[in-house]
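Report on one structure; see the data block that follows.
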Protein chains: 2
Amino acid sequence: MPQPHPRPGAPGGDAEAGAVFAALADPTRRHLVAALAAGGGATATGLAAELPISRQAVAKHLATLGRAGLVSQRRRGRESLFELDPRPLADAAAWLTTVGAEWDTRLADLQRLLKG
Amino acid sequence: MPQPHPRPGAPGGDAEAGAVFAALADPTRRHLVAALAAGGGATATGLAAELPISRQAVAKHLATLGRAGLVSQRRRGRESLFELDPRPLADAAAWLTTVGAEWDTRLADLQRLLKG
DNA sequence: AGGGTGTGCAACCATTGAGTTGCGCATCCG
DNA sequence: CGGATGCGCAACTCAATGGTTGCACACCCT
């Protein structure tokens, strides 16, 4: 129900979604996420091989993605595998559609107001 | 079809989506987007009134959102109105779901491989 | 006309973040 | 055993960015 003054801020899970947006703000990180989505688990060294940056840079990015809950790490002998966890992506998508829907509702209300 | 070397990057519209993610990475900007979605057009001064930062800071954020295509500006006499444009949100959502779907497909393929 | 109100522009500061290099430790393999 | 390979941690540089203040211009209203 559209009110003139709904709460100023927040659709559900703003913090979670925010972490995801911040994580995906960087093109390198988007590339990593896409690569992990397409290729399954991979190591930092392997991922760095197809990128113009150092392994440590990739490792940092993976750590950032991990902090956002998008990537999980598993040690396998002397190498460590990184794997995508797509669940937070859903939260972010929900935020986007919620805001979009809220806007659409507002427009519809406005038009109804003008017509009526 | 899962190959060892799929294309490195990109579901459709990576650049567009990236701009949106970068724009929404900041909590203040998310708040602004939410406020515009809920309240319709607003001025920088009005938006700054409910925030702990200066009008100019808000203006800068609105400019950033404008560069991402999320906000349009219209001069009305001596005040300038900012309005949400939700279309880029759809692009970003599409990116998220594409990546998620790609991951799901990969998982399904893997399971089929193990079963078959 | 002229004061109040709202914008926009520019300079400046502090913090964050991406990237690098160097080093030490663990693990596999000949 | 001992070299090679891979990882993680720490220190450092450099650019981007969120925030501020100050000022000048445009517009509304009495």
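No hydrogens, no waters, no symmetry mates; every other heavy atom, side chains included, goes into these values. What you see is a predicted model; the values in this text were computed from it and never measured. Reminder, nothing fancy here: chain letters follow the sequence lines and each chain counts from 1.
Nucleotide dG19(C) holds its C1' atom 17 Å from the CG atom of Leu47(A), rounded to whole Å. Atom CD1 in Ile53(B) sits about 15 Å away from atom C1' in dT21(D), given to the nearest Å. The distance between atom CG of Asp26(B) and atom P of dT15(C), rounded to the nearest whole Å, is 17 Å. Here the P atom of nucleotide dA18(C) and the CZ atom of Arg67(A) are 9 Å apart, to the nearest Å.
Rounded to the nearest 0.5 angstrom, Arg106(A) CZ and Asp109(A) CG are separated by 8.0 Å.
The closest side-chain heavy-atom distance from Val71(B) to Leu36(B) is below 4.5 Å. You'll find the side chain of Val20(B) stays beyond 4.5 Å of the side chain of Asp91(B), heavy atoms only. Within the 4.5 Å cutoff, side-chain heavy atoms of Trp95(A) are placed close to those of Leu24(B).
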Protein N or O to nucleotides 21-24 of chain C N or O, pairs below 3.5 Å:
from    : atom 1 : to       : atom 2 : distance (Å)
dG22(C) : O6     : Gln56(A) : NE2    : 3.4

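Of the candidates Leu47(B), Asp26(B), Leu51(B), His31(B) forms a side-chain contact (heavy atoms from CB on, under 4.5 Å) with just one, namely Leu51(B).
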Please tabulate, for side-chain N and O atoms in residues 58-70 of chain A, each donor-acceptor pair with protein atoms closer than 3.5 Å (sequence neighbours left out).
from     : atom 1 : to       : atom 2 : distance (Å)
His61(A) : ND1    : Arg29(A) : NH1    : 3.2
Thr64(A) : OG1    : Lys60(A) : O      : 3.1

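Toward the 5' end of DNA chain C, the nearer of the two residues Thr43(B) and Arg29(A), judged by each one's closest nucleotide, is Thr43(B).
For Arg78(A), the salt bridge (Lys or Arg N to Asp or Glu O under 4.0 Å) criterion is met by no residue, not counting sequence neighbours. Shown here are the salt bridge (Lys or Arg N to Asp or Glu O under 4.0 Å) partners of Glu83(A), two or more places apart in sequence or in another chain: Arg74(A). Shown here are the side-chain contact (heavy atoms from CB on, under 4.5 Å) partners of Gln73(B), two or more places apart in sequence or in another chain: Ser80(B), Phe82(B).
Proximity of residues 71-82 of chain A to DNA chain C (heavy atom under 4.0 angstrom from any strand atom) is restricted to Gly77(A), Arg78(A).
In this structure, His61(B) reaches the dG19(D) phosphate: one of its side-chain N or O atoms is under 4.0 Å from OP1 or OP2.
Using a 4.0 Å heavy-atom cutoff across all strands shown, Thr64(B) reaches no nucleic acid atom at all.
The base of dG19(D) lies close enough to the side chain of Lys60(B) for a donor and an acceptor atom to sit less than 3.5 Å apart.
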